[in-house]
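Worksheet: the structure to be examined is printed underneath.
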Amino acid sequence: MGILFALVARGTVVLAEFTGTTTNATAIARQILEKIPGNNDTHVSYSQDRYIFHVKRTDGLTVLCMADDTAGRRIPFAFLEEIHQKFVRTYGRAVLNAQAYGMNDEFSRVLSQQMEYFSTDPNADRINRLKGEMSQVRNVMIENIDKVLDRGDRLELLVDKTTDMQGNTFRFRKQTRRFRSAVWWRNVKLTVALIVILLVIAYVVLAFVCHGPTLPSCF
């Protein structure tokens, strides 16, 4: 399923967010923002069942995403790095005084597009592999989110399975179309090759008939 939720925040003030499924990830993310220790730059991950919240904070700007645990850490942190760069390039110093959700109308679309890219496009992982393992990812410690939030009751992450299935169905249909297209092109190439072979055979036979020992010429 890849990356399902993402936000950008200044401290605890959420400036933009997007979710790809029905979930209470927003509530959990807000509590994570409140519990992140200190003010220093950090890269950390928090586990919740089979989902992991990845956090990158640089110069007071926090980018957070929730991903399926099968996504690993390299791709989510590459996503966070890309989002951080795009956000800073787009808004610059306006980030310092922006109000809550001040950039949401515009930047939520960027979050959606990048979530789709890093979740489904194989090139996202290839590019990151070429860059090499990110040092900050190697040093990330995955902590249990219940310990971080320091609550007596267990905070469950509720994900709408129907929405997940719809998303998986959409990706399956997309992959099926690509496969059918690839098969169609392969069949076209085989057909063209067969026609060329038949033409060559016909030419050889015709040349033999026209110039063979029994007939002096076809003309």
Side-chain angles (χ1 to χ4, degrees), residues 1-9 12 14 16-37 42-58 62-84 108 110-129 131 133-176 178:
M1 290 184 294
I3 301 171
L4 305 174
F5 169 83
L7 65 75
V8 182
T12 58
V14 178
E17 73 175 16
F18 180 82
T19 181
T21 184
T22 303
T23 175
N24 63 338
T26 298
I28 296 177
R30 286 181 175 276
Q31 295 191 52
I32 292 176
L33 292 177
E34 295 174 356
K35 296 292 184 176
I36 296 176
T42 184
H43 300 82
V44 65
S45 298
Y46 304 107
S47 67
Q48 175 76 6
D49 297 327
R50 62 188 184 91
Y51 299 98
I52 300 181
F53 288 80
H54 303 279
V55 183
K56 169 184 168 60
R57 183 172 63 191
T58 305
T62 301
V63 187
L64 177 151
C65 72
M66 183 188 80
D68 189 272
D69 58 3
T70 58
R73 286 180 283 172
R74 184 176 60 250
I75 290 180
F77 273 98
F79 166 79
L80 295 179
E81 179 66 26
E82 181 71 12
I83 292 300
H84 180 271
S108 61
V110 177
L111 292 174
S112 174
Q113 293 167 358
Q114 293 301 308
M115 285 168 59
E116 175 71 16
Y117 173 70
F118 279 90
S119 296
T120 62
D121 197 321
N123 290 323
D125 194 29
R126 292 195 189 104
I127 292 173
N128 200 38
R129 284 181 184 276
K131 293 180 179 178
E133 291 285 349
M134 298 164 58
S135 60
Q136 62 265 36
V137 176
R138 290 200 300 268
N139 297 328
V140 168
M141 297 295 293
I142 299 180
E143 303 181 35
N144 187 280
I145 198 169
D146 293 322
K147 295 180 181 179
V148 175
L149 300 183
D150 193 25
R151 293 184 51 174
D153 56 325
R154 180 174 175 79
L155 184 60
E156 296 287 349
L157 177 61
L158 306 176
V159 177
D160 190 330
K161 302 301 182 183
T162 301
T163 307
D164 285 348
M165 291 177 62
Q166 291 174 347
N168 291 335
T169 300
F170 172 77
R171 285 189 287 272
F172 175 76
R173 290 176 178 174
K174 187 176 181 180
Q175 293 173 353
T176 301
R178 290 178 179 174

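Residue numbers run from 1 in the order of the sequence given.
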Side chains of I83 and V8: does their closest heavy-atom pair fall under 4.5 Å?
->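 I83 reaches V8 side chain to side chain.
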
So, do T21 and F5 sit near enough that their side-chain heavy atoms are less than 4.5 Å apart?
->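 No, every pair of side-chain atoms sits at 4.5 Å or beyond.
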
Shortest non-hydrogen separation from [X] to [Y] and the atoms involved:
X	Y	value
F118	I3	CB-CD1, 4.0 Å
H54	S45	ND1-OG, 2.7 Å
L64	I32	CD1-CG2, 4.0 Å
A71	P76	O-CD, 3.7 Å
F53	A25	CE2-O, 4.0 Å
V14	A9	CA-CB, 3.9 Å

Nearest-0.5 Å distance, [atom1] of residue [X] to [atom2] of residue [Y]:
X	Y	atom1	atom2	result
L4	S119	CG	OG	7.0 Å
L7	R30	CG	CZ	8.5 Å
M66	T23	CE	OG1	4.5 Å
Q114	F18	CD	CZ	12.5 Å

Qualifying residue, where the test is side chain to side chain contact (heavy atoms under 4.5 Å, CB included) with T62 and the options are H84, K56, R57 =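 Only match with T62 under side chain to side chain contact (heavy atoms under 4.5 Å, CB included): R57.
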
Is there a donor-acceptor pair under 3.5 Å between the side chain of T12 and the backbone N or O of L33?
->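 Between the backbone of L33 and the side chain of T12 there is no qualifying donor-acceptor contact (under 3.5 Å).
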
In terms of the angle between their ring planes, are F77 and H43 parallel, tilted or perpendicular, with boundaries placed at 30° and 60°?
->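 Judged by the thresholds at 30° and 60°, the geometry between F77 and H43 is tilted.
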
Intermediate values then yes/no, side chain to side chain contact (heavy atoms under 4.5 Å, CB included), S47 and D69 = CA-CA 8 Å; S47 67; D69 58 3; over 6 Å; no

Evaluate the side chain to side chain contact (heavy atoms under 4.5 Å, CB included) criterion for residues Y51 and D68: first the C-alpha distance (whole Å), next the side-chain angles of each, then the deciding distance (0.1 Å), finally the verdict.
-> CA-CA 5 Å; Y51 299 98; D68 189 272; 4.2 Å; yes

